[in-house]
Amino acid sequence: MLRRALTSLAASIAPRAAAFPGALVRLCRRAQGELWGLRLGRLYGFGIGASYALLAWFGPVSLGGSVKLWARCLATASWVAGVGALSLATDLAARDAAQGLTGLARLRGFSEAQLERARSLAGAERLATNVLVPALMLTVALLLRFRTLQASVVALWLLPLSAVYAALVGVTLARLARACSRWLPGRGRLLLLGIALGPWLLGIGLHAKVPSIPGALAWLLQRIGGSFS
């Protein structure tokens, strides 16, 4: 079924193959839709968004508390995106070849380098979506709950901030995951775990500040939240 869908989509975009690969990204995005980590991330993303939206709706209303709730929502969604990134750190090239995507890409004039870049972009889009959806669900709940103009303006500001943060998480994790797959074929997920979590766990164990991806994202959310206080 997937091959049939890929073939149909490839045929429909053939005339535009010369321009970089929006079409190729769509092919990769559809193929990656079956990866367990990304499917799990999508499911958990909706669950996280619903949970935080309910907290915002039924919990106490305050501007500072709502921004902190938004930051916690994004932090939780970021960890879920990390699970999705593990699927991107696998041998997607072999998987795409087995499903016929590689052959279709070559038939349409795309190189292997373009195909790999499209895999990264498609993965980044899916990871960013898994972060953005719960943030949007929470922000909409805050907009409906707030009764003052100032608080509503703050909630509206959270929308573009959510999009920027989600894009940052998606691009960072997707590019790192694909790099780990190339650097250590067959063990890309282990390498990704080591790079992403190793320094963070070391910092916890030493009770010291060790630069890490989770630490950097937490710092960024803290700074954003602090700007509204």
Side-chain angles (χ1 to χ4, degrees), residues 25 28-29 31-49 51-52 68 70-96 115-135 138 161-226:
V25 172
C28 292
R29 185 168 60 239
Q32 291 173 9
E34 295 183 354
L35 296 175
W36 68 268
L38 296 177
R39 295 177 64 181
L40 186 65
R42 184 166 60 248
L43 178 64
Y44 272 94
F46 281 107
I48 292 169
S51 300
Y52 277 92
K68 290 180 180 178
W70 170 83
R72 287 200 297 270
C73 175
L74 283 177
T76 305
S78 299
W79 284 105
V80 173
V83 175
L86 291 176
S87 291
L88 296 177
T90 56
D91 189 0
L92 295 185
R95 185 176 184 274
D96 290 343
L115 181 56
E116 177 57 34
R117 199 182 338 164
R119 292 187 190 106
S120 295
L121 290 173
E125 287 181 15
R126 286 196 171 273
L127 295 180
T129 300
N130 290 346
V131 175
L132 183 58
V133 167
L138 172 59
L161 289 175
S162 299
V164 172
Y165 177 85
L168 175 64
V169 172
V171 170
T172 300
L173 293 181
R175 289 178 66 88
L176 179 60
R178 294 307 305 146
C180 288
S181 176
R182 296 190 300 271
W183 293 338
L184 193 62
R187 295 291 185 271
R189 285 179 290 188
L190 290 177
L191 181 59
L192 176 61
L193 284 172
I195 293 175
L197 297 184
W200 180 70
L201 293 174
L202 180 63
I204 292 177
L206 298 177
H207 301 286
K209 292 183 178 180
V210 178
S212 66
I213 293 176
L217 295 177
W219 175 86
L220 178 59
L221 289 174
Q222 186 178 16
R223 292 296 295 257
I224 294 175

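- In this structure the side chain of Ile213 never reaches within 4.5 angstrom of the side chain of Leu197, judged on heavy atoms.
- Separating the CD1 atom in Ile48 from the CH2 atom in Trp79 is a distance of 12.5 Å, to the nearest 0.5 Å.
- Checked against Glu34 for a salt bridge (Lys or Arg N to Asp or Glu O under 4.0 Å), the options Arg126, Arg95, Arg39 give a single hit: Arg95.
- Put simply, the side chain of Glu125 never gets that close to the backbone of Arg29: no donor and acceptor are under 3.5 Å apart.
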Exercise for the section: Given side chain to side chain contact (heavy atoms under 4.5 Å, CB included), test Val171 with Leu127 step by step and report yes or no. Expected result: CA-CA 8 Å; Val171 170; Leu127 295 180; over 6 Å; no
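- The OG atom of Ser78 lies 8.0 Å from the CG atom of Leu173; values are rounded to the nearest 0.5 Å.
- Residue Ala174 comes nearest to Ser120 through the heavy atom pair CB-O, 3.6 Å, listed as atom of the first residue, atom of the second, then distance.
- When all heavy atoms are compared, the tightest approach of Leu192 to Ala177 is CD2-CB, 4.0 Å.
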Handout entry: Stepwise side chain to side chain contact (heavy atoms under 4.5 Å, CB included) check, Leu92 with Leu35
Key = CA-CA 10 Å; Leu92 295 185; Leu35 296 175; 4.0 Å; yes
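- If you check the side chains of Tyr44 and Thr76, you find no donor sitting under 3.5 Å from an acceptor.
- Every residue meeting the side chain to side chain contact (heavy atoms under 4.5 Å, CB included) condition with Ser212, not counting sequence neighbours, appears here in chain and number order: Pro199, Trp200, Pro214.
- Side chain of Arg178 to main chain of Leu88: a donor-acceptor pair is present (N/O by atom type, distance under 3.5 Å, no hydrogens or angles).
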Exercise for the section: Given side chain to side chain contact (heavy atoms under 4.5 Å, CB included), test Ser181 with Thr90 step by step and report yes or no. Expected result: CA-CA 6 Å; Ser181 176; Thr90 56; 6.0 Å; no
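- Two residues are said to be in side-chain contact when any heavy atoms from C-beta on lie closer than 4.5 Å; Tyr165 and Leu132 fail this criterion.
- No more than 12 heavy atoms of other residues, nucleotides or ligands sit less than 6.0 Å from atom CZ of Arg189.
- In this structure the side chain of Asp96 reaches within 4.5 angstrom of the side chain of Arg119, judged on heavy atoms.
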Problem - Chi angles and distances behind the side chain to side chain contact (heavy atoms under 4.5 Å, CB included) call for Leu220, Leu168 - result: CA-CA 11 Å; Leu220 178 59; Leu168 175 64; 3.6 Å; yes
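- Residues Val169 and Ala81 share a closest heavy-atom pair of CG1-CB, 4.1 Å.
- Residues Pro134 and Tyr52 are not in side-chain contact: their nearest non-hydrogen atoms beyond the backbone lie 4.5 Å or more apart.
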